[in-house]
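Scroll down for the structure; my scribbles are underneath it.
Each chain gets a letter, A, B and so on, in the order the sequences are listed, and its residues count up from 1. All values derive from a computational prediction rather than experimental measurement.
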Number of protein chains: 2
Amino acid sequence: MTDHQPGPTSPKAQLIAGEVRRRIVEREWQQGERIPDEADLAVTFGAARATVNKALQLLADEGLLDRRRRAGTRVAVNPVRKAVFTIPIIREQVESAGMEYSHRVIAQRRSPVPEAIATRIGLPAGRILIHLRAVHYGNDRAFQFEDRWINPDSAPGLDTVDFRHQNANEWLVRNAPYLRADIAFSAENADRRDARLLRVPKGQALLILHRSTWNDAGPITTVRIACHPGYVMSTAG
Amino acid sequence: MTDHQPGPTSPKAQLIAGEVRRRIVEREWQQGERIPDEADLAVTFGAARATVNKALQLLADEGLLDRRRRAGTRVAVNPVRKAVFTIPIIREQVESAGMEYSHRVIAQRRSPVPEAIATRIGLPAGRILIHLRAVHYGNDRAFQFEDRWINPDSAPGLDTVDFRHQNANEWLVRNAPYLRADIAFSAENADRRDARLLRVPKGQALLILHRSTWNDAGPITTVRIACHPGYVMSTAG
DNA sequence: TATTGCATTATGTCTAAACTTAATTATTCT
DNA sequence: AGAATAATTAAGTTTAGACATAATGCAATA
């Protein structure tokens, strides 16, 4: 088509998704109800079916629609609530807050991995990994304390890296991209070591982030990050 | 085309995404490096450009690629780490663990909203909202304590609902779909009330989840959920 | 009656071609 | 040289058409 309407300012698929979302929110299409099929909607909205498909996929990903072949598309009864968190790179986070970033390595040594950690990443207990402990600072205020185990087989040259001069996370991000990652949040009372390194009272509630990464050759690293009190992890809008 | 190859078992776009991912992970394409453009890749992979586009969009969403019009596609230097969490419906979570779900309303009254909460959801302080406090149990063990404020204007009939017989979250999910949601995790030491209701010692570290939702007419609800100790929120596979 | 097989249907995916838009590069003008 | 302008390029989006696939329901069969 060479001639067509003035042209919307945002992509058509987005507009369609927005309109469908509105109809759901305003109860024009009720929970569990079947909505018109893609071909019909394509006609109603004056778009190609592929465009409608894209819009509906979007809403299905959001958890607002349930779609099944042959059965059609219906409004989700229990909209799944998904939240996307962007795991910040500590340095960027500190610097974007206008503070100066620094970090200090508390310990770096080769050591047999404890059972609890070995099972978490699927390695036999007792394997020799690099054990690294470091604190990240913003303007000399402790921000995070990380306790990390690194698989020396996961990247060439890992054995000889001195993480005192080189942030472990950044080195790994650049030198050992991962295929799969697991992330978990929990809360713990600061133990003696957390308390000392983060300079908070023992027992202080801390947000704990556990992250493990793998590539096709096996586990790369697993880390427990203890965040300073008051740290909030929120859906970046 | 009526004749073509036996056909891959998984979608072509996925295969292409996988192959590109592999090339990045194996350093064939280095960080920051420009990769061939869509047209070239379409030829290499024997696919249409739209298919390659879909694959690359996928990887860009994952944070592995940076794409800009005209400038081309390059391997991300700092792969953004995104994590998708599925916020569980408490009842389902309890029941899927083989426990019996129940909940108890501690208080339900109309009350002027405190400043801190009003600003969080963008309402003038002092507005009269429904204030609800409830505990969720699994097999009589306290699971979560929720402290919720509900905007009575956000759904018809909200004024007359008795949440003793009707889980607030589920009622809202069904009767007041939201357009936008904010979710945040943090850690807090249990205060006296948390401790009493969750039956844990005062000071116990708790994972706290703050969630607020809005539709086009304004805020619907905001809630602070205190999870029992040991609760872990992880990227659900 | 229970089972198998087939037609139907709605979504899933792909293709080829076109047009749109943002950003870069080259060119022209001052 | 520097600024304004035009050309070019690569991604972004849409379209129309086709075929693939998974459910569903119906019909024929054992």
**Request:** Determine: side-chain N/O of A:Thr73 to OP1/OP2 of C:dA10, distance under 4.0 Å, yes or no.
**Result:** no

**Asked** Does A:Asn53 make a side-chain N or O approach to OP1 or OP2 of C:dG12 shorter than 4.0 Å?
**Response** yes

**Asked** Under 4.0 Å between a side-chain N or O of B:Lys12 and OP1 or OP2 of C:dG12?
**Response** no

**Request:** Mark yes or no for a side-chain to base donor-acceptor pair under 3.5 Å between A:Arg67 and C:dT11, with no hydrogen or angle criteria applied.
**Result:** no

**Item:** From B:Glu38, B:Arg67, B:Arg34, residue fulfilling side chain to side chain donor-acceptor pair (under 3.5 Å) relative to B:Thr73
**Value:** B:Arg67

**Message:** Taking 4.0 Å as the cut-off, does a side-chain nitrogen or oxygen of A:Gln57 come that near to OP1 or OP2 on C:dT13?
**Reply:** yes

**Asked** Any donor-acceptor pair under 3.5 Å between the side chain of A:Arg70 and the base of D:dG25?
**Response** no

**Asked** Looking just at side-chain N and O atoms, do A:Gln57 and A:Asp61 make a donor-acceptor pair shorter than 3.5 Å?
**Response** no

**Request:** Look at all strands and tell whether B:Ala39 reaches a base, only sugar-phosphate, or nothing, counting heavy atoms closer than 4.0 Å.
**Result:** nothing

**Message:** What's A:Arg74 touching, base or sugar-phosphate or nothing? Going by heavy atoms closer than 4.0 Å.
**Reply:** nothing

**Sugar-phosphate only, base, or nothing, as touched by A:Arg49 at under 4.0 Å among non-hydrogen atoms** = base

**Prompt:** According to the interplanar angle, ranging from 0 to 90°, do the rings of A:His136 and A:His103 count as parallel (below 30°), tilted (30 to 60°) or perpendicular (above 60°)?
**Reply:** parallel

**Fill in**
In this structure, CG of A:Leu129 is separated from OG1 of A:Thr221 (nearest 0.5 Å) by 9.0 Å

